[in-house]
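Working notes for the structure below.
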Amino acid sequence: MATTTLTPAASTYRSGLYEWITTTDHKKIGILYLLNSFLFFFIGGLLALGVRTELAIPGLQLLTNEGLYNQFFTMHGTVMIFLFIIPILAGFGNYVVPLQIGAPDMAFPRINALSFWMLPLGGILLLMGFLTGGAASAGWTSYAPLSEDRIGAAVNDAAGSGQDLWIMALVLIGTSSILGSVNFLVTIFKMRAPGMTLFRMPILVWTVLVTSVLVLMATPVITSALIMLFIDRNYGGHFFDPATGGNAILWQNVFWFYSHPAVYVMVLPAMGMISEILPVFSRKPLFGYRAFVFATAGIGALGFSVWAHHMFTTGAVYLPFFSLMTFLIAVPTGVKMFNWIFTLFRGKLTFSTPLLFALGFLSMFLIGGINGAFSAAVPVDFALHDTYWVVAHLHYVLFGGSVFGVMAGLYYWFPKMTGRMLGEGLGKVQFVLMFIGFNLTFFPMHQLGLAGMPRRIADYAANAGWNDLNLLATVGGFMIGASMIPLLWNVFISLRAGKIAGDDPWEANTLEWATSSPPPPYNFDRLPEIRSERPLFDLRHGRTANH
Amino acid sequence: MSSTPGSRPSTTAIIGWLIAAAVIVALAVLLVLNGAAVWNSFFPPEAKSVQGQEIRNLYDIVFVIAAVIFLIVEGLIVWTVIRYRRKPGDDELPAQTHGNNLAEAIWTIVPTIIVIFLFVISWQSLNKIETVSATPDLRVRAVAGQFQWSFEYLPADADATTKALFTVNAPLGPDGGLVLPAGQTTHLYLRSTDVIHAFYVPQFLFKRDVVPQKNPLHDNQFDLDIPASGAGQTYRGQCAELCGVGHRIMVFEVRALAPAEFQAWYDKQVAAVNATAPPAPSGGQAGPPVNVTAQGVKFLEPTLTAPAAGFTFHFDNKDAGTPHDLDIVASDGKKVFDSKEFPGPAVQDLPVPPIPAGTYQFICSIHPTLMTGTLTVQ
Amino acid sequence: MSGSSQSVLTTGDPGHAVAEHNPVAGLAHDSRGGISNPILGMLLFICSEIMFFSGLFAAYFSVRASTTPWPPVEPADIAEHFNLHSEPWFAAILTVILVVSSVTCQLGVWAIRRDDRTGFIRNIGVTVVLGIVFLIGQAYDYATLGFGIGDTTFGTTFYTLTGFHGAHVFGGVVMLSVVLYRGLAGQFSSRHHDAVEASSLYWHFVDVVWIALFSTLYIL
């Protein structure tokens, strides 16, 4: 760890590899989550660049084996969702939530360590498929019966052990999520500092709370689905095999029952991080705190009733109900959007890197919300489903939303984690590259989808009219890749020689900034009084200023 | 705070201008070069079916509403960000506004009204699209299997279980495709022989999954009306649901014919089936057998050897529901032997006339990327 | 999962120790009373387990609804064994065993709440034995059923549901054995027995799942 301005109180704070491997300290585990997630982010990114390179121009050049191409996009999706976005948000939650509620640690520190260590194990299992005759290749959704090997084994590539490894890895990662969510919920319910009532909790804590409920209720369902798939594949079961009385659509129902709430698992904590950052850098409280909390809870609740909007074209779901629910979920999301904008409104904005990424989140997530409304209109979804439009939509939500949020959070909390600031100049270079690269990559996919390009194809006809946009998207993809270089360089030099952060470099509002950077093992020597959702603001400006 | 000294333009400002400039320049270049094409790229292709036109109308409404909301909200973000930036040296706190019930009520209620409006109009157009005629002019079953479409033409009073009158096995080309009468109503059934596929024709703005079902009565079905003006047109279709390594090659064509032309084509197909010519081994020159097996859309034999004086392919197609054929291609790309495709599981003997000694490729012309091998003729 | 949750509880970790020894505002988080962390954690974990079994039950009912008749009548030589309704007696005995074990488990909890350690150990001991008897009974049942997991959707759903329930019974037996061992070592008292409460909650949950399974598979 870097130099700190305050010597940690506990002198037994050993460092070294052993300490990191055996740690049960939520801050170290949080940092391990971040490191592990970024490692998989880069792996998933390289897989995506492989896919984009293949699609740059018509014809098969790089991934001439189309089975390998299928493995690439399958593993890209799986790695990014299950080993990057979900864990990195859990990592921020791990680091920040106990600090923000004034707790010394999570409720179950050892289970916390266990939850973390399941992730690298799951990741290794998942990637091992590449070494054992082919990774999973049925898409990250692994629709049955394609993901079952008994039908047309030779052409599915699902016959190999890759698909089984995929199942095992996801069960492991899911278990990790469930244990983590139990831990978060008990921590938030039971370990808040005196005065930290539910409606004085920082919004990030609220979003982690709702996320944990979603994980707790949804993840076990996909675990059951994965186990059924495993039984079908390995023990002659018939859950998803229509030829023997099973039901192919059943997989999609149980899969999306988890995977749609999982979208909110992937975006709510990022919203929470944005909601911490925007008030700090506009020097105003979050506009409509209570409305924001209710909107978060509303998204969580509605999130369980929209799963079948992924299945409009199956002809097997009651379309009007799921269409209506999907439209309705836009309302709480819109409430949040306006709350954020009016937090900025009449503020005094300081354009530090965290704010830039937060603004990136705002402007890009807006697109991801609006283009989602197209698919909520069922007939329009008949045209757009499974085309590149959907790829554009999901990346505007998960990249334009979550990843920009993650970057904002990284620049925001890095000083707390390490005691040193990340460089502003490099941060801004990264932001520009990522912002432009992101839009170059994913905006053209709207048009590709409208022009009829389906997802998950390795090649397209040269005369289909898709050449220019695909090339543009590939150029953008490499620009996103390039934007990781200033980030890595920034982290590298800042750890060695970054500006010393001090306790509270941002003039922030929440409790984590009331302790040293990095905090001592058990977080606080003493806590300020908590009389509002901005205890540090009260400390700085007096309670009366908070009006 | 770690930000910006006041004397020189801050990096943030430079970056802001850079992004703005890049976006504006890019947009300007695009618009100047090809404004109409850029505008059109925000819309699906012109709809070539009655149902597709309904979807297109709905899309246009959703697009306008979405574009207006986008411009307002994104504009609000950009304006707020530019307007309320902190001036150097300004350390005063802004007003600490915690909320405003009226504003929050407005931005809850107005979006609710908008989405309910969108829901209602999309439900209405859904009902129109899903309407099925009791007496369609034609019933066809599109059969999808890895990685091939075929089209089974059914009798007028058929349901999803009825046996085909005749089958078009080639998904593309002048002798293949889904041939439909323009200006008439076709009822389509979607049958899968293995995994989930999806019937997708971009110009109809429509897709529907082909879900494997044990009971054919559960197969997806829908009506398709190509207007009379579509006669003579061909539309590209493609499988839209990942179905394995050959997913990309699962393309097909929809050919719309004027009703009279269609009838002629239809009668010809029926007549061809009724002729029931048994596949007679032509000529008497059947030579020694050469075994070829197709399984899992692959040839099990990567190399074959055969005598130049003529031989007989003993071709075993083990892929249930998937048609294969067996052609011999010379090094200059010319086909020296061309067989008819047939669906598996089945075995056929294909007599090959004498061909000059040399090295050839044998392929399945339906799956040319997946099924090839080398044939040495001595 | 259970093992670590209990050990966290008993060994205590330095964090809590620091918190308790520093009379600093804000760190005395556990002193507010109410439900304890391990019990709340177990309740939440049971929520997730309920969702897990809901997934399996949903699959069962989905498959059952699309199969007529149920149970399937083909292939005839195997399908004759599918008629579990005609002889539910063995499963009924297993049900009684599990319900009784739930009762003894709860008697054990009440005993330790009164500081009656002998009664506590005796009751938990009986519970563990009943759990093991249940598992043996289920193994015997599996061996004599006459159909396997691959025999139509009936076999698949039957073995998946009962198998995963069996795995949970096994987990519960392990959990209660640890409780028993620690009880014999004298680690529990009326003030300090969260692990006992948490394990008994889990055991009741396993019991309830079996009752749902028995009703669905043998009676409905």
Side-chain angles (χ1 to χ4, degrees), chain A residues 10 12 24-25 102-105 107-111 114 175 178-179 181-183 185-187 189-196 212 215-225 227-228 231-232 235-239 244-247 249-250 253-254 257 521-527 529-530, chain C residues 1 3-5 7-9 11 13-19 22 24-30 32 34-45 47-60 62-63 65-67 72 148-157 159-160 163-164:
Chain A
T12 53
T24 58
D25 176 4
D105 203 325
F108 308 111
R110 293 186 198 191
I111 293 182
L114 177 68
T175 310
I178 293 170
L179 295 181
S181 71
V182 169
N183 218 336
L185 287 171
V186 177
T187 307
F189 283 133
K190 297 285 299 174
M191 297 182 64
R192 298 192 308 278
M196 179 64 75
S212 299
V215 168
L216 191 75
M217 305 304 278
T219 314
V221 178
I222 198 181
T223 306
S224 73
I227 281 167
M228 291 186 252
I231 288 171
D232 270 16
Y235 302 107
H238 306 288
F239 283 108
T244 51
N247 185 342
I249 298 297
L250 175 62
N253 273 310
V254 272
F257 186 84
Y522 293 103
N523 293 352
F524 296 100
D525 286 333
R526 61 195 183 84
L527 281 168
E529 257 192 323
I530 302 161
Chain C
M1 140 84 205
S4 10
S5 106
S7 46
V8 165
L9 170 75
T11 52
D13 67 68
H16 295 251
V18 170
N22 285 343
V24 174
L27 299 183
H29 48 89
D30 259 340
R32 272 181 293 179
I35 192 167
S36 78
N37 289 4
I39 294 177
L40 179 60
M42 179 54 83
L43 283 173
L44 291 168
F45 182 71
C47 286
S48 82
E49 290 281 32
I50 291 172
M51 292 308 290
F52 173 79
F53 278 100
S54 303
L56 295 183
F57 270 102
Y60 170 82
S62 152
V63 166
S66 62
T67 310
I149 192 167
D151 290 324
T152 80
T153 49
F154 187 87
T156 307
T157 51
Y159 281 101
T160 305
F164 272 91

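Numbered from 1 within each chain, the chains take letters A, B, ... in sequence-line order. What you see is a predicted model; the values in this text were computed from it and never measured.
- For C/Phe154, no part lies near chain A; criterion is any non-hydrogen pair under 4.5 Å.
- Contact count versus chain A (heavy atoms, under 4.5 Å) is highest, among C/Ala59, C/Ser54, C/Cys47, for C/Ala59.
- A/Asn523 is linked by a side chain to side chain donor-acceptor pair (under 3.5 Å) to A/His26, A/Lys27, counting only residues two or more places apart in sequence or in another chain.
- Proximity to chain C is limited to the side chain of A/Ile178, based on heavy atoms less than 4.5 angstrom apart.
- What you find for C/Met51 and A/Leu216 is that their closest heavy atoms are CG-O, 4.4 Å.
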Inset, instruction - Could you please spell out the steps behind the side-chain contact (heavy atoms from CB on, under 4.5 Å) verdict for A/Phe239 and C/Thr160? - result: CA-CA 10 Å; A/Phe239 283 108; C/Thr160 305; 3.4 Å; yes

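- Atoms CG and CG, from A/Leu185 and C/Leu44 in turn, are 5.5 Å apart once rounded to the nearest 0.5 Å.
- For the atom pair OG of C/Ser66 and CG of A/Asn247, the computed distance is 5.5 Å after rounding to the nearest 0.5 Å.
- Note: C/Phe52 CZ to A/Ile227 CD1 = 4.0 Å, rounded to the nearest 0.5 Å.
- With a 4.5 Å cut-off on non-hydrogen atoms, A/Met228 touches chain C through its side chain but not through its backbone.
- Within the 4.5 angstrom heavy-atom criterion, only backbone atoms of C/Thr152 (N, CA, C, O) approach chain A.
- Rounding to the nearest 0.5 Å places CG of A/Asn183 at 9.5 Å from CG of C/Asn37.
- A distance of 10.0 Å separates OG1 of A/Thr223 from CZ of C/Phe164, quoted to the nearest 0.5 Å.
- Of all heavy-atom pairs spanning C/Val63 and A/Gly245, the tightest one is CG1-O, 4.2 Å.
- A/Ser224 approaches C/Leu56 most closely through the heavy-atom pair CB-CD2, 3.8 Å.
- Remark: the backbone N or O of A/His238 is paired with a side-chain donor or acceptor of C/Thr156 at under 3.5 angstrom.
- The heavy-atom pair separating A/Gly246 from C/Thr153 by the smallest distance is N-CG2, 3.7 Å.
- Proximity to chain C (any heavy atom under 4.5 Å) is shown, for A/Ile530, by neither the backbone nor the side chain.
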